[in-house]
There are 2 protein chains.
Amino acid sequence: MRYDGRLSRMLHVLIHMARHKGAATSDLIAQMLNTNPVVVRRTMAGLREKGYVHSEKGHGGGWTLSRGLEEMTLLDIYRAVGEPPVFAVGPACDRPECLVEQAVNSALADAFAEAERLLLERFAHVTLADIAADFDNRMARHPALAGHAGSGCAS
Amino acid sequence: MRYDGRLSRMLHVLIHMARHKGAATSDLIAQMLNTNPVVVRRTMAGLREKGYVHSEKGHGGGWTLSRGLEEMTLLDIYRAVGEPPVFAVGPACDRPECLVEQAVNSALADAFAEAERLLLERFAHVTLADIAADFDNRMARHPALAGHAGSGCAS
DNA sequence: GAGTTTGTAACTTTGCTTGTTGCATAAGGT
DNA sequence: ACCTTATGCAACAAGCAAAGTTACAAACTC
């Protein structure tokens with residue numbers, strides 16, 4: 001089963017936007033993510049609804065941040081992209097009649113709930129500014145890799 | 001993104017097998033899971049390789065447990081079904097050149113690693129016998145729902 | 001008004017999981 | 001011996017969800 005990369009991609013974009021002067025067009029963002037502008041609009045729409053970004057049409061339009069990176073946590077963005085299911089494994093069926101299956105689901109659900117709680121709690125304590133700071137550290141060590149170079153990710 | 005239900009299904013089957021006299025054929029198991037025998041063989045093959053179950057051909061053949069439920073943990077079975085990825089969300093790309101993306105991946109990877117550690121540790125402490133005991137409790141409260149009734153799970 | 005850019009709907013492509021079919025292999029029953 | 005019952009396995013088909021694509025309307029700037 002393949003990963004849902006929306007959270008990762010949006011974090012990536014938001015931090016780039018913070019370093020970008022003026023509005024970033026869907027086209028520009030799509031190039032950064034190696035995808036296409038329609039997909040960008042689709043995903044960014046969620047962030048706009050929650051008030052993290054703003055979009056403007058027409059000449060000079062595009063996307064801008066509505067607040068500082070220190071005011072956005074991983075949890076915020078996770079929720080804004082639609083709170084995709086965290087776990088890739090889960091119950092085979094939601095309302096099993098079989099009592100064995102109920103017992104199995106219950107055991108798994110307990111374990112997953114605990115892990116999810118830990119994960120989201122951690123998400124809540126990491127701001128995008130923290131990640132940007134980590135980026136600055138990496139940048140200081142490898143100044144050559146500053147830009148995006150359009151290379152993105154081949155995978 | 002849809003769940004991987006292999007772990008759940010195999011737990012379900014193993015507990016049924018423990019209550020079943022003699023070998024259970026792939027066909028019988030398939031009916032319990034509302035699937036078909038080939039899929040059962042495919043998945044059970046992993047458990048056989050790890051030594052949790054045994055299969056025999058021919059008349060009276062089928063699948064049998066190779067050890068008691070108290071000697072199998074959730075972790076064991078999770079590993080036997082191929083250690084499917086636990087998380088449904090993840091990095092958009094594995095070896096990003098972009099330093100921003102590296103910082104993002106690093107932040108996410110830390111959080112996921114911690115949650116996964118917690119989850120697997122919990123898995124290691126739950127035996128199938130624990131789940132079977134829970135089943136017995138449910139059974140005591142709802143004796144009418146004892147069997148499978150072939151209904152399985154419509155979803 | 002001309003040129004940009006987002007917004008959105010509909011459709012196509014892609015990748016993965018599951019389901020299905022077909023046949024070889026092995027064991028038991030008569 | 002021969003037939004029936006099973007697993008083992010490979011190859012193919014179907015279904016589904018995410019991503020990509022196309023097309024066009026709406027809104028904004030110059």
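- Atom pair B/R41:CZ and D/dA6:C1' shows a separation of 7 Å (rounding to whole Å applied).
- Put simply, CD on A/E116 and CG on B/L119 are 11.0 Å apart, with the number rounded to the nearest 0.5 Å.
- Between the CG atom of B/N34 and the P atom of C/dT18 there is a distance of 14 Å, rounded to whole Å.
- B/F112 and B/F87 have tilted rings, their planes meeting at an angle from 30° to 60° on a 0 to 90° scale.
- Distances shown here put a side-chain N or O of B/S55 below 4.0 Å from the OP1 or OP2 atom of D/dG8.
- Ranked by how close their nearest DNA chain D nucleotide is to the 5' end, B/G60 and A/V39 are led by B/G60.
- The pair A/R19-A/D136 counts as a salt bridge, with a side-chain nitrogen and a carboxylate oxygen less than 4.0 angstrom apart.
- Between B/H20 and B/H16, the gap from one ring centroid to the other reaches at least 6.0 Å.
- In the interface, the side chain of B/R48 is not paired with the base of D/dG8 through any donor and acceptor atom under 3.5 Å apart.
- Each of D/dA6, C/dA10, C/dT20 was ranked by its minimum atom distance to the side chain of B/T25; first place goes to D/dA6.
- Rounded to whole angstrom, the span from the CD atom of A/E56 across to the C1' atom of D/dA26 amounts to 15 Å.
- Taking only side-chain nitrogens and oxygens, A/S26 never comes nearer than 4.0 Å to OP1 or OP2 of C/dT5.
- For the pair A/M44 CE and C/dT8 C1', the interatomic distance rounds to 17 Å; values are reported in whole Å.
- For the atom pair CD1 (B/I29) and CH2 (B/W63), the distance works out to 7.5 Å, reported to the nearest 0.5 Å.
- Separating the CG atom of A/D27 from the P atom of D/dT22 is a distance of 13 Å, rounded to the nearest angstrom.
- Between B/K57 atom NZ and C/dG28 atom P there is a gap of 12 Å when expressed in whole angstrom units.
- When heavy atoms are screened at a 4.0 angstrom cut-off, A/G62 is found touching the sugar-phosphate backbone but no base atom.
- Between C/dT18 and B/T35, no contact under 4.0 Å exists linking OP1 or OP2 to a side-chain N or O.
- The 5' end of DNA chain C is approached more closely, in terms of each residue's nearest nucleotide, by B/R6 than by the other of B/H59 and B/R6.
- Atom CG in B/L28 sits roughly 10 Å away from atom P in D/dA6 (whole-Å rounding).
- Side-chain atoms of B/V38 lie closest to D/dC9 of the nucleotides D/dG8, C/dT5, D/dC9.
- Residue A/N36 contributes atom CG, which lies 11 Å from atom P of D/dA19 at whole-angstrom precision.
- Of the candidates D/dA19, C/dT6, C/dT18, the closest approach to any side-chain atom of A/R9 belongs to D/dA19.
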